[in-house]
Each structure stands twice: as structure tokens, then as C-alpha cells.
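What follows is a short report on a single structure.
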Amino acid sequence: MKLTLKIWRQKNSQDKGKMVEYKLNDVSADMSFLEMLDVLNEELTLKGEDPVAFDHDCREGICGMCSLYINGKPHGPKQTTTCQLHMRSFNDGDTIYIEPWRAKAFPVVKDLAVDRGAFDRIIQAGGYISVNTGVTVDANEIPIAKEIADKAFDAATCIGCGACVAACKNASAMLFVSAKVSQFTLLPQGKAERKRRVEAMVEQMDEEGFGACTNTGACAAECPKEISLENIARLNREYLFAKLTSNNV
Amino acid sequence: MTLDAKIPEGPLSEKWSKHKFNLKLVNPANKRKYDIIVVGTGLAGASAAASLAELGYNVKVFCFQDSPRRAHSIAAQGGINAAKNYQNDGDSIYRLFYDTVKGGDYRAREANVHRLAEVSVNIIDQCVAQGVPFAREYGGLLSNRSFGGAQVSRTFYARGQTGQQLLLGAYSALSRQVATGKVKLYTRTEMLDLVLVDGKARGIVTRNMVTGAIESHSAHAVLLCTGGYGNVFFLSTNAMGSNVTATWRAHKKGAYFGNPCFTQIHPTCIPVSGAHQSKLTLMSESLRNDGRVWVPREKEDAEKIRKGTLKANDLSEEKRYYFLEERYPSFGNLVPRDVASRNAKLVCDDQLGVNSEGQAVYLDFRDAIKRDGEDTIRAKYGNLFDMYQQITDENPYKVPMKIYPAVHYTMGGLWVDYNLMTTVPGCYALGEANFSDHGANRLGASALMQGLADGYFVIPYTIGDYLANMPATKVDASHPEFKKAEEEVKQRINTLLSINGQKTVDEYHKELGKIMWDYCGMARNEKGLQFAKQRIAEIKAEFWKNVKVTGNNEEFNQSLEKALRVADFIELGALMVEDALQRKESCGGHFREEYQTEDGEAQRDDNNFAHVAAWEYKGDDQPEVLHQEKLVFENVKLTQRSYK
Amino acid sequence: MSTQTIQKKTWYVNLLTSTLGRKFIMAGTGLFLVLFLAVHLIGNLQLLIPDEGKTFNEYAHFMGHNKFIQAISVGNFFFILLHIAYSFALTRYNISARPQQYAYAKTNNSSWTSRNMMILGTLVLIFIVVHLQAFWAKSKFGGLEPISYNGVEHHNLYLATKIAFAEWWIVLLYVVSMIALAFHLSHGVASAFQTLGLNHVKYTPLIKVFGYAFAIIVPFLFALIPVWMFIAQNM
């Protein structure tokens with residue numbers, strides 16, 4: 001199939017950037033979206049032009065490295081990661097807009113690659129259970145109801161890609177933060193630090209400049225791992241409870 | 001230099017505890033005077049960095065991804081083995097040890113493997129304490145499944161995302177240490193050289209992938225936790241960024257490379273769909289529990305299927321060749337990975353392949369669906385079927401899946417002693433980056449176990465022994481050795497940028513990959529390997545004359561990153577071929593066609609090849625020198641595998 | 001880590017200025033205003049009792065002279081202002097979280113209402129100003145005809161209402177505003193529960209039904225009053 005691509009090009013974080021149009025003539029429906037970009041980049045390289053920079057790594061939908069805001073949606077028209085999106089989701093002659101995630105907290109590194117270090121800093125603020133290596137009890141001494149373990153798992157499947165931020169009109173990171181808070185709040189191992197954790201993670205989230213949640217639900221609708229809005233509610237009540245009852249004045 | 005594996009004396013089951021006691025300790029107050037560099041943030045790297053920081057060392061961590069959470073350990077699906085015997089089905093540390101040595105076709109060190117089995121139980125405790133949400137039974141206790149043909153249920157899992165959950169556990173422990181300031185994290189930073197001062201590893205040279213800055217980092221020890229080198233084949237199940245550069249650079253600085261030709265080919269991957277293919281996707285081998293593997297019995301039928309004039313479902317039962325079931329009546333479709341892979345290749349070589357490229361066999365669930373109903377199959381494999389359909393646009397409930405083997409894991413890696421130290425003092429290799437525990441073939445659900453064992457429970461002990469013997473004085477990053485290494489790196493980058501030839505990096509990478517796959521893949525022979533050796537030398541020469549790398553160093557330049565990696569892959573490819581030539585036997589993932597039984601099975605030569613091949617780099621365009629570490633088996637009896 | 005200070009400001013300042021804290025204020029005040037709407041509607045529906053406004057005027061008199069109600073009404077004004085002030089602050093903050101907009105954005109992943117609460121809220125605000133100026137200010141600061149029931153002097157608020165709702169454009173303004181209110185509530189009610197963390201598999205579906213029902217019924221009845229009174233006078 002033939003495609004017209006309108007791609008955001010920006011040399012570095014200081015550059016202003018603009019949309020640039022490219023044509024591709026021989027795209028196979030079996031290609032993944034990123035393979036289509038590989039083909040474009042090979043053509044650009046042979047012409048001596050700068051290939052389009054984009055983040056990607058595992059290409060099997062789990063590392064969370066790929067991003068791309070495709071035709072107005074994070075990870076494109078399907079609820080999956082960009083690396084798992086195939087060109088059969090498009091038609092011959094289509095024009096495809098490709099932009100980076102847009103958020104103050106995710107500055108553009110180059111072209112379509114952004115810096116998601118803010119997510120790492122939120123985890124560093126409290127997204128863990130404070131246990132040192134080795135000082136643990138036997139794994140089966142902590143029984144956890146299957147239902148709870150499954151719920152914690154569902155929250156823990158977040159891949160940290162940032163599609164929630166990209167989709168949200170407020171560039172809010174609530175779905176990401178709530179998934180991690182939920183995982184540890186649900187599990188007995190995480191209960192000891194629950195107040196400190198949620199206070200610290202929200203504090204960091206605000207510091208990074210993510211917007212506030214207005215419950216539009218766009219994040220969950222676009223999340224490739226189908227993280228539920230229930231987690232955001234849990235984060236809300238955990239935070240309120242912690243703020244009102246912790247000893248942290 | 002003779003290879004000393006430093007295996008402790010004494011009975012097998014006491015070696016590790018005795019060794020731990022004999023290792024020197026660094027006084028807690030002194031630990032903060034030592035700096036340790038960890039390269040890579042997968043299971044091995046993240047767990048090592050977190051554990052060492054907890055002990056009090058100053059740790060610097062590097063990864064090329066934008067976040068440590070993205071390392072490719074995240075993609076492991078199946079599970080992690082541990083000898084917990086929670087199922088009361090006769091598992092024990094010794095059984096896990098035995099299975100691993102046997103599964104590795106007797107090319108692994110007994111002592112290492114036993115230690116791995118011993119600490120496997122601690123790993124599960126550790127991960128649960130960190131909040132890893134393993135699968136559980138209704139009673140609230142951990143659930144296990146049997147995996148990869150094991151006769152006991154010892155595999156712990158978190159749906160099909162065990163690697164992800166374990167890595168996020170290690171990543172959270174690492175993040176906690178970043179917050180305390182004990183770990184300094186460098187993302188989007190790639191190690192480009194190892195620096196030795198007075199014969200000891202004292203630091204690395206890195207490139208900041210955003211600004212292009214070439215920087216030196218000094219430390220008292222360097223840990224390479226940079227994973228495997230499967231991407232030498234271009235197409236593999238590895239992540240696009242996975243590369244050999246860190247370990248290859250260490251190799252060129254004196255670290256011997258162990259068993260480079262031992263690669264694992266996974267039988268159930270989604271086949272290549274065309275020239276544009278950039279990577280291969282693995283599907284859990286649990287699919288073989290219910291799927292039947294077949295190809296058409298007649299070439300004519302296969303031909304029609306390839307052309308699309310005949311549909312698989314229209315082929316009658318007697319025209320189907322269930323080659324695994326026929327050749328291996330007792331194991332059938334459940335033969336080990338290497339056997340399943342090789343047989344798929346054989347039938348495709350006989351022109352019985354079933355996709356347009358002729359490189360695929362069927363994995364058919366028709367009979368299982370007929371027997372158990374579609375709902376049962378959906379409950380077991382629903383997510384895998386969905387993934388297959390998403391990628392191939394075919395519905396595996398209605399038409400048979402097409403599968404083909406793909407490169408999945410590399411058992412070879414930097415040679416390390418019992419302490420995980422390479423032949424460069426102070427330079428360690430952990431996880432898939434080292435050669436140690438899997439011999440010639442890795443069992444399912446053992447890679448995660450090894451990565452975490454090395455990082456959480458081995459290196460925190462063994463590194464102390466090295467550091468306790470060296471003064472805490474620091475080497476400045478402006479030391480001439482660092483400057484020299486920086487200059488060499490800059491030189492290499494400038495050369496690549498200035499060639500401005502006619503072919504892209506990917507074109508060379510694909511060419512190399514094809515040679516490796518055809519001649520150093522599932523089956524190898526003298527003639528093919530000799531041909532590959534010559535072709536790789538040609539590719540290398542051409543690469544350095546004709547590659548085209550755009551842009552400059554002082555920017556985010558993905559084509560430069562690739563060029564640096566592929567340059568090292570080409571050199572590694574040559575060594576893999578050399579190693580495969582040298583190993584005149586068949587074992588595990590290494591199948592030399594000259595050495596097979598009358599039934600076409602792998603034939604080991606324990607008299608001449610029960611050794612680790614450790615290669616020493618002698619300089620560009622010099623042949624590498626082979627050193628052998630004899631493997632001594634005191635506890636297991638060497639037997640020929642048979643799955644008939 | 002445990003000894004590290006988590007927040008840079010005193011806890012309550014932190015709570016009230018964090019993104020989540022601001023949302024709690026929005027949700028809390030919003031739910032209070034929902035209650036107010038319900039009470040206000042019960043009062044207003046008395047306009048439709050065919051007794052020439054006696055019941056309604058007596059009710060207005062009671063509301064205007066009861067100390068407790070007066071205290072609540074001060075709170076009510078405060079909460080309305082808080083709701084408005086926080087909404088402006090939050091919206092500004094949220095806009096700043098994405099300094100560069102997308103060239104091409106599709107929005108079928110969320111409802112139009114949820115994305116445009118600010119616009120709907122502003123329409124309602126304009127309405128409130130007009131509404132207060134027309135009725136509340138007059139009853140508070142004079143400008144209404146007196147009427148006497150059982151010897152006690154009352155303001156004839158009913159009469160003022162009747163006169164106002166004889167004008168078609170005022171009726172139209174009310175109806176349009178109530179439609180805006182309906183949409184505002186259709187997202188706001190359930191959303192407030194979510195913000196306060198009240199989400200449960202059993203109750204959330206009920207809360208959503210309640211939210212929609214409230215959003216349809218209450219503004220409909222509010223809008224019915226001017227329409228009814230207009231029809232009664234002009235037809």
C-alpha cells in the first residue's frame with residue numbers, strides 16, 4: 001500500500017520542531033508499524049537524510065519503550081502498543097500523523113522520542129516495598145487470597161509506556177501512579193508503608209508537572225494493558241486517608 | 001594463563017556454604033569507600049545493584065534504555081524454577097541440580113549449578129517479600145506448574161508475564177536505592193569500553209546517547225550484566241537494542257569468551273513474514289502440550305499450500321506428517337527445544353514448509369479443540385492465541401498455527417570463575433552475559449532463576465572477597481588509561497561517521513544474521529562453517545569501507561548506536577563460527593551434522609569435549625587462542641539423551 | 001527513607017494544594033451543591049401550586065428568616081465560590097501540563113462532557129449570576145412587592161417570578177442553562193464519587209445510574225417551572 005506520513009521532526013529538546021511529510025510506496029500489510037518506520041528510515045539513510053528517531057526495544061508489547069501518538073491516539077487505533085500494531089489496520093492511500101507523547105513532564109529528546117524519567121522518579125519516591133535482599137521469611141508464610149493476588153497482578157501489569165499521560169487531556173499520570181500504589185496497597189507485604197508511599201508518590205507526581213485527573217477515562221480507554229480506573233479511585237482514597245491519618249505533619 | 005575456576009573443595013552440597021564462610025568480608029564502615037559499576041539493569045543487573053547498595057557500596061548503574069525497567073528480562077513469559085517442593089512431588093535441590101546439568105547436556109559446572117539450585121528457594125522468598133504478584137491457589141498459597149518437560153511442578157509464574165513481574169520487583173528495589181543516593185542511575189547511556197589500570201578493571205567509558213558525550217567512570221569493580229548476544233542473528237526473540245558490545249569490549253580487554261557457539265533455538269516462534277521482519281516473537285512452549293506439529297507428507301501438497309491453492313484444513317489425515325510423534329513416539333510433541341527445532345528445520349529443508357517462505361510448520365489445535373472444547377483451550381492459551389492472531393491475522397481456533405524456530409537465548413558468554421569474575425580481575429559477568437550455568441542447553445524457566453541468583457545471592461558475597469583484598473584508593477577518571485580508552489572510542493565513532501558508504505547498518509546486520517542462521521544455527525557442519533568464516537571476514541572488511549552512518553556524534557543518533565553494535569556483532573560472529581568449528585561433537589544447542597547417531601540424534605564426545613572452550617583475544621586480525629577448562633563430573637553420570 | 005520529609009509544606013496546605021487535594025475540594029463542594037440543587041428544587045416546585053404563590057412566598061419567607069438556613073446559605077455561597085475558584089485554578093494548571101498541543105487528536109476515548117466541564121460550568125456560572133441578580137438580590141435588598149398573609153408581611157417573590165417567566169427569552173435562557181447543568185451533572189455526580197475514592201464493583205454501577213438520573217430529572221424539573229409558567233400566562 002501507499003502511505004503519506006506526517007511526522008514530527010525536532011532535532012533536540014531546544015529545537016522548535018515541525019511536522020514533515022514523507023511518502024512510502026511499498027508498505028506490506030503484514031508489517032508492524034515500527035517495521036514500516038524502519039523501511040522509511042532505511043530510505044532516508046540511503047538518501048543521506050537524518051532518519052526519524054523513535055523509541056522501541058522489545059517489539060513484543062511488554063517493555064513499554066515504544067510510544068508514538070498515531071492519528072490522534074496513543075499507540076494508534078488499536079488498544080495495544082505501537083510495536084503490536086500492524087499496517088493492516090490502515091488502508092492504501094491513508095495519511096498517518098505521527099507525533100511524540102505531549103506533556104510538560106515528558107520533554108522531547110528528538111523527533112518522536114521523549115524523556116519519561118519522571119516515571120522513574122515517581123517510583124523512586126516510594127514505588128517499592130522496603131525489604132533488603134536476604135532478610136525474608138518463607139514465601140508461603142504470607143498467604144494471599146487469590147482474588148487479591150490477581151487484582152494486584154492486574155495493576156502490576158502496567159508497562160510504564162506513558163500512553164495514559166499522552167491520552168489524557170490534562171497530561172495526568174494518575175493511572176500510572178495508581179497502578180503501582182494499588183499493587184502494593186492490595187498486598188499484605190505493602191501495607192506497612194502504605195501511607196508514606198502514597199503521600200510521597202503523589203508529591204513527586206505533582207512536582208513533575210503532570211496535570212490533575214478529571215475522570216475523563218481516556219487513560220484507561222487507551223491503556224495497552226487495560227489498567228482499570230478502579231485503581232485511580234483506590235489511589236484517591238489511599239491519599240486522602242494517608243493525609244488525614246499519617247504522622248507526617 | 002591457566003584457567004582456574006576456583007571451585008571450592010568438599011562435598012557438592014557443602015561447597016557454597018563453606019565458600020561463603022571462607023570469603024573475606026569488607027568491614028561495613030569500609031564498604032562506603034568502594035565504588036562498583038553495574039552495566040545493564042535486567043534481572044541480574046538490577047538485583048545486583050540493589051543488593052550491593054543495600055550492603056553499603058556506592059553503585060553506578062548504566063542502561064541504554066530510557067528507564068531501567070525496560071531491560072529485556074521483562075519479556076520472559078513462562079516462569080522461574082525453584083526447588084521449593086511446595087507440591088510434595090519429590091522435588092529437591094539435588095533434583096533441580098541434576099535436571100539442569102542433564103538438560104545442559106553435561107557441559108556445565110557441577111558446583112555452579114548446585115549453588116544455583118540452592119539459592120533458587122531464596123529467590124522466591126525475596127520476590128514475594130518485594131510484592132511480586134505470583135499466581136496463587138484459592139487457599140492463598142503459591143501456585144506451581146510443570147514447565148519445559150520437567151517431571152515435577154517447580155515453576156513459579158505470574159500469568160504469562162513472569163519476567164516482567166520479577167524485573168519490576170528488582171527495579172523497585174533498585175529505585176529504592178536510587179532514592180537513598182547509594183545508587184546513581186545513568187539511563188540512555190551505553191558502555192563502549194572497559195578500562196584496566198594495572199591489569200585490573202577500574203572503570204568504563206560510556207556514550208551519553210542524548211548528547212553524544214564520551215565520559216569515563218571509575219570504580220573498584222565492574223559488573224557486566226548485559227544479557228546475551230542472540231541479535232548476532234539479526235532476527236531473534238531478543239529486544240532490538242540487545243547487543244554484545246559491553247561483553248565484547250571486555251573480551252577485547254582480556255576477558256575470555258566461554259562457549260560462544262552455544263545458542264538456544266526456541267521451537268515455537270511466529271515465522272518470518274517477509275524481508276521487512278525486524279524481530280521474532282516467541283510463544284510459550286506450553287502450546288506443545290495440546291498442539292500437534294505437522295507438515296504435509298507430500299512435497300506437492302506443501303507446494304500448493306505455499307501458493308495458497310490448498311488449505312491446511314482440507315488435507316486429509318493420512319496426508320499429514322506428524323513428524324515429532326512419528327519419530328519420537330514416547331515424547332511426541334513434547335521433545336526438548338533443540339530436538340523440536342532441528343526437526344522443524346529438517347522437514348522444511350525437505351521442502352515441506354508451509355508458509356510462503358517455506359519456513360514454517362503447523363501447530364494444530366484441531367484435535368485438542370475437538371477433545372476438550374474450544375472454551376477449555378481458550379482458558380489455557382487464550383492470550384497466546386490472541387497474540388498470534390494480532391500478529392498474523394489468522395485465527396488459530398479455526399486454522400492451524402504456523403510456527404518456526406528462532407534464536408532465543410545464548411548459553412555462551414564471558415568465562416567466569418565460581419565467584420563470577422572474568423579473567424580480568426575486578427570485572428564480573430552476571431546472568432545471560434556469562435557462560436556459566438546452563439551448559440550447552442538451557443531448560444525452560446531457568447534463565448530468570450540464574451539472573452536473580454547471580455544478582456541477589458552470589459555477587460554480594462563474592463565481590464567482597466575481591467574488594468577486601470584491594471585498597472580503597474580511587475583511580476581518577478582523568479587517569480591516562482581512561483583518556484586512552486576515550487580516544488579509542490572517539491576514533492571508532494569518527495571512523496564510522498566518516499565512511500559515508502553505500503549500505504546501511506541494517507543491511508550488513510541482516511547479511512551477517514543470514515550467514516549465522518544458515519551456517520551456525522540449528523545445524524552446523526565443517527564445510528558450512530568454513531564458508532561462514534570466510535564470508536564474515538568479507539562482511540567485516542566491507543562494513544568498515546562501505547557502511548553509511550548519518551548524522552554526527554553530538555546528538556541522539558540511533559544509526560550510530562546501531563553501527564557500533566553491529567561492528568562488534570560481526571567480530572563475535574567470527575568467534576562463534578570458530579568455536580563451532582572447534583567443537584567436533586554435537587551437544588545441546590550445538591548440532592554438528594558430522595556427529596550424530598544413526599537415528600540422527602546429537603552425539604556427544606565426552607572424552608574430548610567435556611570442557612568449556614574459553615577464547616582469548618590476541619589482537620585484531622590475530623586468531624583467538626583457545627583455552628580449555630575441563631569439566632569434572634563427580635556427582636552425575638553422563639548419559640546420552642534419548643527421547644524415542 | 002522513612003525519616004525523609006515527604007512534603008515541603010505543612011500537611012493541610014499540602015493537601016489543599018496538591019492535584020489530588022484540589023480534586024477533593026471540587027468533588028466535596030460539587031456534592032454539596034448537588035444536595036443544594038435538590039433542596040432548591042423542592043422549594044421551587046411550589047411555584048407550580050395553584051394558590052397564587054401563597055405556599056411559595058411563605059416558603060421563601062421562611063428560608064429568608066431562619067437563622068439556620070441563613071447560615072447554610074452563607075456556606076452554600078462559599079462552596080459555590082470555592083468550586084468556581086478551584087475549577088479555574090485546576091483548569092489553568094491542567095492546560096499548563098501540556099504546553100504543546102497535538103497537531104491531530106482524536107477524542108473518541110472519552111465523553112465530550114467529561115472533557116468540557118469547564119465550558120459547561122462557565123455557562124452555569126453565567127446563569128447563576130443572572131438568576132441571583134433577578135431574584136435573590138431583589139428579595140435581599142428590596143425591589144419586590146409586599147404581600148400580607150395572616151397579618152405577616154411577605155415579599156411577593158412569586159409575582160416577580162411570574163413576570164419574569166412571561167418573557168420568552170428569559171424562559172429560553174433558563175432552559176438552555178438547565179441543559180448545560182444537566183450535562184455538567186451527568187459527568188460531575190459520578191465523577192465526584194470516583195474522586196473521593198468511592199469505587200466498588202457493587203456500588204459504582206448504582207452510583208452511575210443515580211448520577212445520570214439526577215442529571216436528567218433535576219434540571220428537567222427546574223426547566224419545567226419557567227416553561228409551565230410561560231405557557232400558563234401566554235396560552
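The shown structure was predicted, so the numbers you read here are calculated from the model rather than taken from an experiment. Just the heavy atoms: all of them, side chains too, but no hydrogens, waters or symmetry mates, feed the values below. Below, chain A is the first sequence line, B the second, and so on; all start at residue 1.
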Take N170(A) and T19(C) through the side chain to side chain contact (heavy atoms under 4.5 Å, CB included) test and state the conclusion after the steps.
-> CA-CA 11 Å; N170(A) 310 324; T19(C) 50; over 6 Å; no

Side chain, backbone, both or neither: which part of [X] has a non-hydrogen atom closer than 4.5 Å to chain C?
{"X": "C219(A)", "result": "neither"}
{"X": "V202(A)", "result": "side chain"}
{"X": "F210(A)", "result": "backbone"}
{"X": "E230(A)", "result": "both"}
{"X": "E207(A)", "result": "side chain"}
{"X": "A166(A)", "result": "both"}

If you measure from [atom1] on [X] to [atom2] on [Y], what distance do you get to the nearest 0.5 Å?
{"X": "Q10(A)", "Y": "Q100(C)", "atom1": "CD", "atom2": "CD", "answer": "7.0 Å"}
{"X": "T214(A)", "Y": "M117(C)", "atom1": "OG1", "atom2": "CE", "answer": "9.0 Å"}
{"X": "C168(A)", "Y": "N94(C)", "atom1": "SG", "atom2": "CG", "answer": "7.0 Å"}
{"X": "L235(A)", "Y": "L20(C)", "atom1": "CG", "atom2": "CG", "answer": "5.5 Å"}

Do you know the tightest heavy-atom contact between [X] and [Y]?
{"X": "A97(C)", "Y": "G209(A)", "result": "CB-O, 3.5 Å"}
{"X": "S96(C)", "Y": "K104(A)", "result": "O-CD, 3.6 Å"}
{"X": "K169(A)", "Y": "R115(C)", "result": "CE-O, 3.1 Å"}

Assess the side chains of [X] and [Y]: does a donor N or O sit below 3.5 Å from an acceptor N or O?
{"X": "N236(A)", "Y": "T195(C)", "value": "no"}
{"X": "N14(C)", "Y": "E199(A)", "value": "no"}
{"X": "K23(C)", "Y": "N215(A)", "value": "no"}

Within 6.0 angstrom of Y212(C) OH, more than 12 heavy atoms from elsewhere | no

Select, from Y102(C), W11(C), Y12(C), the one with the greatest count of heavy-atom pairs under 4.5 Å involving chain A.
-> Y102(C)

R98(C) side-chain N/O to R102(A) backbone N/O, donor-acceptor pair under 3.5 Å |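 Yes; judged by distance alone, with no hydrogens or angles, the pair exists.
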
Could you please spell out the steps behind the side chain to side chain contact (heavy atoms under 4.5 Å, CB included) verdict for H187(C) and T216(A)?
-> CA-CA 9 Å; H187(C) 175 69; T216(A) 66; 5.5 Å; no

